[in-house]
Undergrad: 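Attaching a single structure in structure tokens format; questions to follow.
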There are 2 protein chains.
Amino acid sequence: MTGKKNSYKLGKIRVENTEKILEVAEKKFVENGFHGASMQMIANEAGLPKANIHYYFKSKEKLYDEVLTRIIGSWNSVLKDITPDDDPAEVLERFIYKKVELAYKFPQASKLFALEIIHGAPHLKDHVRIDMRRWVREKAKVIQAWIDQGKMAKVDPVHLIFMIWSSTQHYADFESQVLAIMNRAEYEEEDINTISEFLASVILRGVGLKPTGKIIPNTRND
Amino acid sequence: MTGKKNSYKLGKIRVENTEKILEVAEKKFVENGFHGASMQMIANEAGLPKANIHYYFKSKEKLYDEVLTRIIGSWNSVLKDITPDDDPAEVLERFIYKKVELAYKFPQASKLFALEIIHGAPHLKDHVRIDMRRWVREKAKVIQAWIDQGKMAKVDPVHLIFMIWSSTQHYADFESQVLAIMNRAEYEEEDINTISEFLASVILRGVGLKPTGKIIPNTRND
DNA sequence: GTCTATACAAGGATAGAC
DNA sequence: GTCTATCCTTGTATAGAC
């Protein structure tokens with residue numbers, strides 16, 4: 001029983017430490033890039049000796065991979081099940097609001113992913129690429145069905161998805177530029193509503209739809 | 001005269017070498033990040049001994065700064081003079097086409113700038129920030145004038161500028177993701193036209209305008 | 001102006017004591 | 001499971017020969 005209690009306690013420390021390390025590592029990788037972030041920096045900020053980081057994660061690469069994997073894993077929730085019978089205005093509006101919310105809540109995650117893609121996605125596993133392609137293909141097919149039913153304007157569904165991705169993520173990835181131009185220290189809840197409404201209104205009208213106005217900001221809409 | 005001829009010849013070598021170094025450095029910084037790109041790599045690919053890079057550029061930081069400065073300097077051409085009397089549809093359409101063209105022609109430049117901003121813009125000089133803010137304010141003022149004249153829908157001009165930036169730059173910065181999803185090895189001229197037309201059509205309609213159709217792809221429109 | 005050789009620091013990783 | 005001390009590589013930068 002002592003053994004069990006012991007391993008439980010140690011297990012708890014393990015979980016807490018790895019959690020702390022991953023959190024700090026994400027921040028440091030975003031701020032300084034993969035090579036710019038040193039294990040020493042991460043260890044210091046996590047309040048652990050450098051060797052412990054290597055104990056929990058075999059190498060810097062593995063640590064980075066783990067950070068990246070967790071980020072990607074947390075994204076499979078958006079736009080889960082949509083069908084040709086759904087209302088495109090509602091679905092697209094919800095998609096835009098959700099993406100802006102994610103950009104606001106997890107800007108670091110968005111940034112790290114952006115860095116990875118800009119560098120040519122050297123750490124992205126093949127299955128992720130395939131999953132992403134399938135995800136886009138599926139959603140594009142539904143959008144195309146809406147177009148064929150005359151529910152919305154004839155536009156390329158894939159480029160529409162890119163447009164929603166880029167215009168929403170911009171507020172996370174280019175945060176420092178956006179804030180500098182808007183002369184702000186940081187985003188406020190109000191900005192998030194303004195941004196969501198702006199993007200939803202322009203994009204929906206742009207594809208021949210009308211914003212529903214059904215979405216209540218800052219609540220669960222998923 | 002010999003002296004003059006000599007310094008001329010040497011000057012020519014200097015220009016050619018610095019040019020080559022800057023070109024290679026830009027590529028390496030984009031691929032590997034600031035810390036990931038070593039002076040050795042850059043020297044090798046430029047076909048020069050490492051010490052020569054230090055001879056032309058005092059330090060790695062200075063080299064990076066120079067690369068960044070040149071990129072920013074090459075961007076002041078877009079949307080130069082616009083006035084409240086101009087036709088918003090024409091101006092915005094030209095803006096979108098121009099930005100897509102830049103993303104296609106200089107993807108590395110776009111990527112390096114994106115990396116810099118994502119990292120919090122630690123190397124961006126204050127005057128650049130100020131210039132950017134002024135640029136946006138000026139253009140926003142003109143757009144607001146168009147709105148006040150009833151020429152286009154009531155939308156926030158600053159967010160509209162962000163939207164055009166983000167959706168166009170996406171094709172450069174997220175190139176690897178876009179190409180993977182589109183199942184392509186690289187962009188072709190045709191893609192550029194498709195993208196420009198898509199973005200112009202959705203954004204213009206989104207702000208209550210009609211695409212003019214005046215722009216002839218792949219020609220000078222500036 | 002160019003390049004070889006080298007100084008010096010930083011970083012990733014591990015051995016081994018606790 | 002934790003941490004100190006250390007190894008070894010790599011990287012920036014420069015001195016000094018040509």
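Throughout, a chain's letter reflects where its sequence line sits, starting with A, and its residues are numbered from 1. Keep in mind it's a predicted model, so treat the numbers as computed, not measured.
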Undergrad: Closer than 3.5 angstrom, by distance alone: can the side chain of A:Glu116 be matched with the main-chain N or O of A:His123 as a donor-acceptor pair?
TA: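 Flag set: sc A:Glu116 to bb A:His123 pair under 3.5 Å.
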
Undergrad: For the pair made of NZ in A:Lys12 and P in D:dG1, what is the distance, rounded to whole Å?
TA: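 For the pair A:Lys12 NZ and D:dG1 P, the rounded distance is 16 Å.
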
Undergrad: Please determine whether a side-chain nitrogen of the Lys or Arg among B:Arg70 and B:Glu26 lies less than 4.0 Å from a carboxylate oxygen of the Asp or Glu.
TA: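 Looking at B:Arg70 and B:Glu26, the cut-off is not met.
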
Undergrad: Could you tell me how far apart B:Lys62 (NZ) and D:dT12 (C1') are, to the nearest whole angstrom?
TA: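 The distance from NZ of B:Lys62 to C1' of D:dT12 comes to 15 Å, rounded to the nearest Å.
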
Undergrad: Just compare C:dT2, D:dT2, D:dC3 and give me whichever is closest to any side-chain atom of A:Leu48.
TA: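 Nearest to the side chain of A:Leu48 among the choices is D:dC3.
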
Undergrad: Aromatic ring centroids of A:Trp165 and B:Phe174 under 6.0 Å?
TA: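 So the answer is no for these two rings.
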
Undergrad: Just one of B:Leu199, B:Leu179, B:Ile192 clears the side-chain contact (heavy atoms from CB on, under 4.5 Å) bar with B:Tyr171, so which one?
TA: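 Between B:Tyr171 and the candidates, side-chain contact (heavy atoms from CB on, under 4.5 Å) is satisfied uniquely by B:Leu199.
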
Undergrad: To the side chain of A:Ser38, which of C:dG12, D:dT12, C:dT2 is closest?
TA: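 In terms of side-chain proximity for A:Ser38, the closest of C:dG12, D:dT12, C:dT2 is C:dG12.
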
Undergrad: Does anything in residues 133-142 of chain B pair up under salt bridge (charged side-chain N to carboxylate O under 4.0 Å, His left out), and if so which pairs, sequence neighbours excluded?
TA: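 Output for this query lists B:Asp131-B:Arg134.
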
Undergrad: Summarise how protein sits on nucleotides 13-18 of chain D as a single string, 5' to 3': B when a protein heavy atom is under 4.0 Å from the base, S for sugar-phosphate-only contact, - for no contact.
TA: BB----

Undergrad: Please list, by residue number, the residues of residues 19-37 of chain A whose heavy atoms come closer than 4.0 Å to an atom of DNA chain C; answer none if no residue qualifies.
TA: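 Result for residues 19-37 of chain A: A:Ala37, sorted by number.
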
Undergrad: Provide, to the nearest angstrom, the distance between the CZ atom belonging to B:Phe57 and the C1' atom belonging to C:dT2.
TA: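 Going from CZ in B:Phe57 over to C1' in C:dT2 covers 16 Å.
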
Undergrad: Rounded to whole Å, please give me the gap between CD1 in A:Ile53 and C1' in C:dA13.
TA: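 Distance, rounded to whole Å: 13 Å.
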
Undergrad: I'd like to know if the side chain of A:Asn44 reaches the main chain of A:Met41, judged simply by a donor and an acceptor atom lying under 3.5 Å from each other, with no hydrogens or angles considered.
TA: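 Side chain of A:Asn44 to backbone of A:Met41: no pair is present.
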
